[in-house]
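Report on the following structure.
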There are 2 protein chains.
Amino acid sequence: MVSIEQPRTAPSWRRVEIALIAGARKVAAAFDHRLAQIDLNLNQASLLAFVNDFGESNQTELAEMVGIGRASIGSMIDRLEARGLVTRNPHPNDRRVWLVGITSEGTALVEKFYEIDAGFQKEVRRDISREERQQLASLLERLDCNVDAILSSPNNKQERGGPHA
Amino acid sequence: MVSIEQPRTAPSWRRVEIALIAGARKVAAAFDHRLAQIDLNLNQASLLAFVNDFGESNQTELAEMVGIGRASIGSMIDRLEARGLVTRNPHPNDRRVWLVGITSEGTALVEKFYEIDAGFQKEVRRDISREERQQLASLLERLDCNVDAILSSPNNKQERGGPHA
DNA sequence: GCCAGATTGTATGCCAACGTACGGGTCCGC
DNA sequence: GCGGACCCGTACGTTGGCATACAATCTGGC
């Protein structure tokens, strides 16, 4: 999909934005591929690592962190809980809230995750310098900003201005 | 090598790879947001544009091109066909194959797609120079190569070198 | 106190992808 | 020709996301 190696697929609309989307999907797929050995996907691993590093959090926080909706995070936590990796503890002052904490098994898995992650990082960064990564990060930041403007604008074709930059 | 920038305190999910994935997902979402006005998503628009530019293609080709499976492309084409945007024509020499072609309505929609796309491009590229986009493309190319190596390697943790060079 | 409004997590239904299995069809070695 | 290997598109069940609607709960104005 990221076409450069595939001359056949180079239509006019295949711009860098599309390559970015396809490339990122592939990075995610590769990550998931490696994570499969600990029966986790990237979102699950991110959640686990977050809870491991920052302690108990409520589900809404976790949903924002992982970047999926509250409903989805709920069923995701269901699965992790069923596997004994996290626990749901009641919030002392707010009976609506579950504080999601990690178990010792969860922590053990996070350790493995870090190992896998380190190897993944090494491989994926081959031939990519630190400087380039920093440039990429900077670019992504601006991209994110522009995209936010688009997402919060009406999808009517003539709308240009949006809220602001 | 140097893990200076990544002490254990910087959790994996804050790395640039993760930002890339999240950023790209958002770009795709924004694209879809804009495309909603013509009731298309990015994959559908890609397919339509491809058929428009390159003429009739069989479904397997289209699946590879869009980057989804053959089963998925089938139901996708079902929907586009039901909307009268594409047609399935029998292959003259191979009765297994459908040649997916575009209708005049489909072509009209592709025109709108190009319009929307141009506007999208303009907005998303704000504050991002052409040079940066080229660097990004180059980086993505190498990333894609590295990722391919990962995807084609076994996911067993001990595998470091990959199959071979 | 107490009711209106906001917020948390859950239930439900929808959607679009996946992987697998399969039937129909083609092609190649014999 | 013919039989088996292979290829194309489809059917099926699963997954994991979404959006919506909802009950329970908290909060703040009065």
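All chains are named by letter (A, B, ...) in the order of the sequence lines, taking the proteins before the strands, and each is independently numbered beginning at 1.
- Taking atom CG of residue Leu80(A) and atom C1' of nucleotide dG16(D), one finds them 13 Å apart after rounding to whole Å.
- At a threshold of 4.0 Å, the pair Asp32(B)-Arg25(B) does not count as salt-bridged, since none of the basic side-chain nitrogens sits closer than that to a carboxylate oxygen.
- Ile21(B) has its CD1 atom 14 Å from the P atom of dG17(D), to the nearest Å.
- Nearest heavy atom pair, residue Leu143(A) against residue Val27(B), reads CD2-CG2, 3.9 Å.
- Here the P atom of nucleotide dA16(C) and the CD1 atom of Ile68(A) are 19 Å apart, to the nearest Å.
- Listed pair Asn43(B) / dA17(C) meets the phosphate criterion, a side-chain N or O lying under 4.0 Å from OP1 or OP2.
- Remark: Asn41(A) is not in phosphate contact with dT15(D), judged by side-chain N or O atoms under 4.0 Å from OP1 or OP2.
- The separation between Asn93(B) atom CG and dC8(D) atom P is 15 Å, rounded to whole Å.
- Connectivity analysis of hydrophobic side chains (ILVMFWY, heavy atoms under 4.5 Å, direct or indirect) links Val97(A) to Leu99(A).
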Show the distances under 3.5 angstrom between N or O atoms of the protein and N or O atoms of nucleotides 3-10 of chain C.
| from | atom 1 | to | atom 2 | distance (Å) |
| --- | --- | --- | --- | --- |
| dT7(C) | O2 | Arg96(A) | NH1 | 2.5 |
| dG9(C) | OP1 | Gln59(A) | N | 3.2 |
| dG9(C) | OP1 | Trp98(A) | N | 3.4 |
| dG9(C) | OP1 | Trp98(A) | O | 3.4 |
| dG9(C) | OP2 | Gln59(A) | N | 3.4 |
| dG9(C) | OP2 | Thr60(A) | N | 2.8 |
| dG9(C) | OP2 | Thr60(A) | OG1 | 2.7 |
| dG9(C) | N7 | Arg70(A) | NH1 | 3.1 |
| dT10(C) | OP1 | Trp98(A) | NE1 | 3.4 |
| dT10(C) | OP2 | Gln59(A) | OE1 | 3.3 |
| dT10(C) | OP2 | Gln59(A) | NE2 | 3.0 |
| dT10(C) | OP2 | Arg88(A) | NH2 | 3.3 |

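- Rounding to the nearest 0.5 angstrom, the gap separating the CD atom in Gln37(B) from the CG atom in Leu35(B) is 8.0 Å.
- The number of heavy atoms from other shown groups lying within 6.0 Å of CD (Glu111(A)) is above 12.
- Rounding to whole angstrom units, CD of residue Gln44(B) and P of dA17(C) are separated by 8 Å.
- In terms of phosphate contacts, Arg79(B) brings a side-chain nitrogen or oxygen within less than 4.0 Å of OP1 or OP2 of dA17(C).
- Look at CG on Leu62(B): it is 13 Å from C1' on dC8(D), rounded to the nearest Å.
- How far CG of Leu136(B) is from CG of Leu20(A): 6.0 Å, rounded to the nearest 0.5 Å.
- One atom, CE of Met76(A), and another, C1' of dG16(D), lie 10 Å apart when rounded to the nearest Å.
- Of all heavy-atom pairs spanning Tyr114(B) and Ala49(B), the tightest one is OH-CB, 4.0 Å.
- Following rounding to the nearest Å, Asp32(B) (CG) and dC18(D) (P) show an atom-to-atom distance of 13 Å.
- Phosphate proximity of dG16(D) to Ser72(A): absent, as no side-chain N or O sits under 4.0 Å from OP1 or OP2.
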